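Notes to accompany the following structure.
Quantities reported herein were computed from a predicted structural model and do not represent experimental measurements.
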Amino acid sequence: MTATNHALTGALIGLAVGNPYIAVPAALASHFVCDALPHFGAGNKQTSQSWFRNLLILEFLLCVTLVFVLAVTQPAHWLLAASCAFVATSPDFMWIKQFLRAQRGRIPTADSSMLLRFHAGIQWFERPIGAVFEVAWALSALILLKLYIF
């Protein structure tokens, strides 16, 4: 799933739960639940292309915008929501090594850690058409987010 959708999901968990002892682990777990759903993906071959790098920059900017909106509007538990947005997105940082290898034109290495293999294995439907599901998820999350912010 895209970073934006992970962040939106995490933020909603933080806003809805309000208890960091429950919300933070739930936000982390949400990452893997979301990745098990059909979602956008282009495969390892595409990570070396400039459009993918540009997509990552856009995703970063959208995540920063989400945190900015939370900080400006300050709904109840907004700081927890911002933290949960980061936590829900953070498991994708384990892909940085693979991304950097692809950017340098090198073949990504085999998944060595058990967590990385699990993370890759649950993403059974990661294809370009998954963008349709991603857009529906984002619109639903934005509608719910609006209820907490306004």
Side-chain angles (χ1 to χ4, degrees), residues 1-44 46-47 49-100 102-103 108 111 113-150:
M1 188 147 301
T2 61
T4 303
N5 278 335
H6 284 305
L8 285 167
T9 303
L12 285 170
I13 290 169
L15 291 170
V17 173
N19 180 335
Y21 296 107
I22 298 170
V24 172
L28 181 62
S30 78
H31 181 94
F32 299 102
V33 171
C34 287
D35 273 356
L37 299 171
H39 61 279
F40 173 77
N44 283 338
Q46 304 298 317
T47 59
Q49 295 183 359
S50 63
W51 72 265
F52 186 76
R53 187 184 67 248
N54 293 337
L55 176 64
L56 290 179
I57 292 167
L58 175 63
E59 287 287 310
F60 172 77
L61 293 173
L62 289 171
C63 290
V64 168
T65 301
L66 171 62
V67 172
F68 178 77
V69 168
L70 289 168
V72 168
T73 59
Q74 294 191 358
H77 313 296
W78 73 271
L79 192 55
L80 177 60
S83 299
C84 286
F86 176 78
V87 168
T89 307
S90 66
D92 278 341
F93 291 139
M94 71 176 77
W95 299 111
I96 289 175
K97 182 179 176 185
Q98 303 287 18
F99 171 75
L100 292 175
Q103 288 293 302
D111 300 332
S113 76
M114 190 164 59
L115 181 58
L116 199 57
R117 286 193 309 272
F118 168 76
H119 196 182
I122 61 172
Q123 300 187 53
W124 62 277
F125 192 96
E126 188 179 28
R127 297 180 181 86
I129 191 66
V132 174
F133 188 82
E134 296 258 11
V135 169
W137 189 274
L139 291 175
S140 300
L142 287 170
I143 290 167
L144 291 172
L145 187 63
K146 185 180 175 196
L147 296 174
Y148 285 100
I149 291 180
F150 299 109

**Residue pair L80, V17: steps toward the side-chain contact (heavy atoms from CB on, under 4.5 Å) verdict** = CA-CA 9 Å; L80 177 60; V17 173; 5.8 Å; no
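In plain terms, the two heavy atoms of V69 and T73 that are nearest each other are O-OG1, 2.7 Å. Nearest heavy atoms, G10 versus A88: CA-CB, 3.7 Å. Heavy-atom minimum distance, A76 versus L15: O-CD2, 3.3 Å. Nearest heavy atoms, L28 versus P91: CD1-CG, 3.6 Å. Considering all non-hydrogen atoms of both residues, P25 and P20 come closest at CD-O, 3.8 Å. Closest approach of G14 to A23, counting heavy atoms only: CA-CB, 4.1 Å.
With values rounded to the nearest 0.5 angstrom, L66 atom CG is found 5.5 Å from L8 atom CG. With rounding to the nearest 0.5 angstrom, the CG atom of L70 is 12.5 Å from the NE2 atom of H77. To the nearest 0.5 Å, atom NE2 of residue H6 and atom NE2 of residue H31 are 4.0 Å apart. Rounded to the nearest 0.5 angstrom, F52 CZ and I57 CD1 are separated by 11.5 Å. In this structure, L56 CG and T2 OG1 are separated by 10.5 Å, a value rounded to the nearest 0.5 Å. Taking CH2 of W78 as the start and OG of S83 as the end, the distance is 8.5 Å to the nearest 0.5 Å.
Counting non-hydrogen atoms of other residues, nucleotides and ligands closer than 6.0 Å to CG of L58 gives a total above 12. Counting heavy atoms of neighbouring residues, nucleotides and ligands inside a 6.0 Å radius, atom CZ of F125 exceeds 12 of them. For F93, the CZ atom is densely surrounded, since the number of other residues' heavy atoms within 6.0 Å is greater than 12.
Residues I13 and T9 meet the side-chain proximity criterion, which asks for heavy atoms closer than 4.5 Å. The shortest side-chain heavy-atom distance between F40 and L55 falls under the 4.5 Å cut-off.
In this structure, H39 contributes its side chain and G130 its backbone to no donor-acceptor pair below 3.5 Å.
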Distance-only donor-acceptor pairs under 3.5 Å for side chains of residues 139-150, two or more places apart:
{"residue": "S140", "atom": "OG", "partner": "A136", "partner atom": "O", "Å": "2.9"}

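Using the six-membered ring where Trp is involved, H119 and W95 have ring planes that are tilted, between 30° and 60° apart. In this structure, F32 and F118 have tilted ring planes: the angle between them lies in the 30° to 60° band.
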